[in-house]
Chemist: 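Can you read through this structure? Questions will come right after.
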Amino acid sequence: MNDGNCIFCKIARGEIPSSTVYEDEEFRVILDLGPASRGHALILPKNHYKDICDADRETAGKLFPLAGRIGAAMKKGLGADGFNVVQNNGASAGQTVFHLHVHVIPRYEGGPGMVSWEPGKAAPEELTETAEKIRESWE
Ligand code: 5GP
Ligand code: ZN
């Protein structure tokens, strides 16, 4: 399950060298080449999935515990004060490499900004209607 043209497949398999911070049979965790902060890491499954919806649930279920362990190591090893776990699905969500990956971004007090968004407004009826649409589409 690998895509011959995918850069993250090549990195995950070790065909292209990377700054690896963790590796096991299923995952490689590397440092991002364009880090948002010192230590910005990417969790790459060794199998190719284009995004979280494409991955089997067993694989997807291992990502969050791994992100927590990496974040804890960043706090201990790099002195990070906190960290963001970010995962983009689709170009509209900012995904630029279409091989599933999870960003673990250490944050330092007084350092560059957090991943954030502008809170919007939604009427209660709108929330009810929106929730219903998602609920009806559950698989
Ligand atoms: P996305 O926007 O798809 O969620 O994130 C892709 C990330 O991969 C970006 O933060 C980008 O800096 C990083 N990236 C892209 N190409 C490479 C590469 O060849 N090596 C490494 N280590 N990171 C990369
Ligand atoms: Zn791939």
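Counting starts at 1 for both ligands and their atoms, in listed order.
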Chemist: How are the rings of His103 and His40 set relative to one another: parallel (under 30°), tilted (30 to 60°) or perpendicular (over 60°)?
Modeler: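 The rings of His103 and His40 sit tilted, inter-plane angle from 30° to 60°.
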Chemist: Calculate, to the nearest 0.5 Å, the distance between atoms CG and CD1 belonging to Leu42 and Ile11 respectively.
Modeler: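 Rounded to the nearest 0.5 Å, the CG-CD1 separation comes out at 8.5 Å.
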Chemist: What is the distance from atom CG of Leu100 to atom CG of Asn89, rounded to the nearest 0.5 Å?
Modeler: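 With rounding to 0.5 Å, CG (Leu100) is 7.5 Å from CG (Asn89).
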Chemist: So, the side chain of His101 versus the backbone of Asn88: is there a donor-acceptor pair under 3.5 Å, distance only?
Modeler: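 No, because the side chain of His101 does not come within donor-acceptor range (under 3.5 Å) of the backbone of Asn88.
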Chemist: State which residues pass side-chain hydrogen bond (donor to acceptor under 3.5 Å, both in side chains) with Glu23; sequence neighbours excluded, sorted by chain then number.
Modeler: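 So Glu23 forms a side-chain hydrogen bond (donor to acceptor under 3.5 Å, both in side chains) with Arg28, Lys46.
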Chemist: Work out which heavy atom in Ala122 is nearest to a heavy atom in Glu126; give both atom names and the distance.
Modeler: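 That would be CA-OE1, 3.8 Å.
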Chemist: Might you point out which heavy atoms bring Gln95 and Gly90 nearest each other, and give the distance in Å?
Modeler: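 Scanning both residues, the minimum pair turns out to be OE1-N, 2.7 Å.
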Chemist: Among the N/O/S atoms of His99, which is closest to the Zn ion (ligand 2)? Give the atom name.
Modeler: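 In His99, the N, O or S atom with the shortest distance to the Zn ion (ligand 2) is ND1.
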Chemist: Quick one: report the N, O or S atom of His48 that is nearest to the Zn ion (ligand 2).
Modeler: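 Restricting His48 to its N, O and S atoms, the minimum distance to the Zn ion (ligand 2) goes to ND1.
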Chemist: Give one line per pair: atom of ligand 1, protein atom, distance. Only N/O to N/O under 3.5 Å.
Modeler:
{"from": "ligand 1", "atom 1": "2 (O)", "to": "Gly94", "atom 2": "O", "distance (Å)": "2.8"}
{"from": "ligand 1", "atom 1": "2 (O)", "to": "Thr96", "atom 2": "N", "distance (Å)": "3.4"}
{"from": "ligand 1", "atom 1": "2 (O)", "to": "Thr96", "atom 2": "OG1", "distance (Å)": "3.1"}
{"from": "ligand 1", "atom 1": "3 (O)", "to": "Thr96", "atom 2": "N", "distance (Å)": "2.7"}
{"from": "ligand 1", "atom 1": "3 (O)", "to": "Thr96", "atom 2": "OG1", "distance (Å)": "3.2"}
{"from": "ligand 1", "atom 1": "3 (O)", "to": "Val97", "atom 2": "N", "distance (Å)": "3.0"}
{"from": "ligand 1", "atom 1": "3 (O)", "to": "His101", "atom 2": "NE2", "distance (Å)": "3.1"}
{"from": "ligand 1", "atom 1": "4 (O)", "to": "Asn88", "atom 2": "ND2", "distance (Å)": "2.9"}
{"from": "ligand 1", "atom 1": "4 (O)", "to": "His101", "atom 2": "NE2", "distance (Å)": "2.8"}
{"from": "ligand 1", "atom 1": "4 (O)", "to": "His103", "atom 2": "NE2", "distance (Å)": "2.8"}
{"from": "ligand 1", "atom 1": "5 (O)", "to": "His101", "atom 2": "NE2", "distance (Å)": "3.0"}
{"from": "ligand 1", "atom 1": "5 (O)", "to": "His103", "atom 2": "NE2", "distance (Å)": "3.2"}
{"from": "ligand 1", "atom 1": "10 (O)", "to": "Asp32", "atom 2": "OD1", "distance (Å)": "3.3"}
{"from": "ligand 1", "atom 1": "10 (O)", "to": "Asp32", "atom 2": "OD2", "distance (Å)": "2.5"}
{"from": "ligand 1", "atom 1": "12 (O)", "to": "Asp32", "atom 2": "OD1", "distance (Å)": "2.5"}
{"from": "ligand 1", "atom 1": "22 (N)", "to": "Leu31", "atom 2": "O", "distance (Å)": "2.9"}
{"from": "ligand 1", "atom 1": "22 (N)", "to": "Leu33", "atom 2": "N", "distance (Å)": "3.4"}
{"from": "ligand 1", "atom 1": "23 (N)", "to": "Leu33", "atom 2": "N", "distance (Å)": "3.3"}

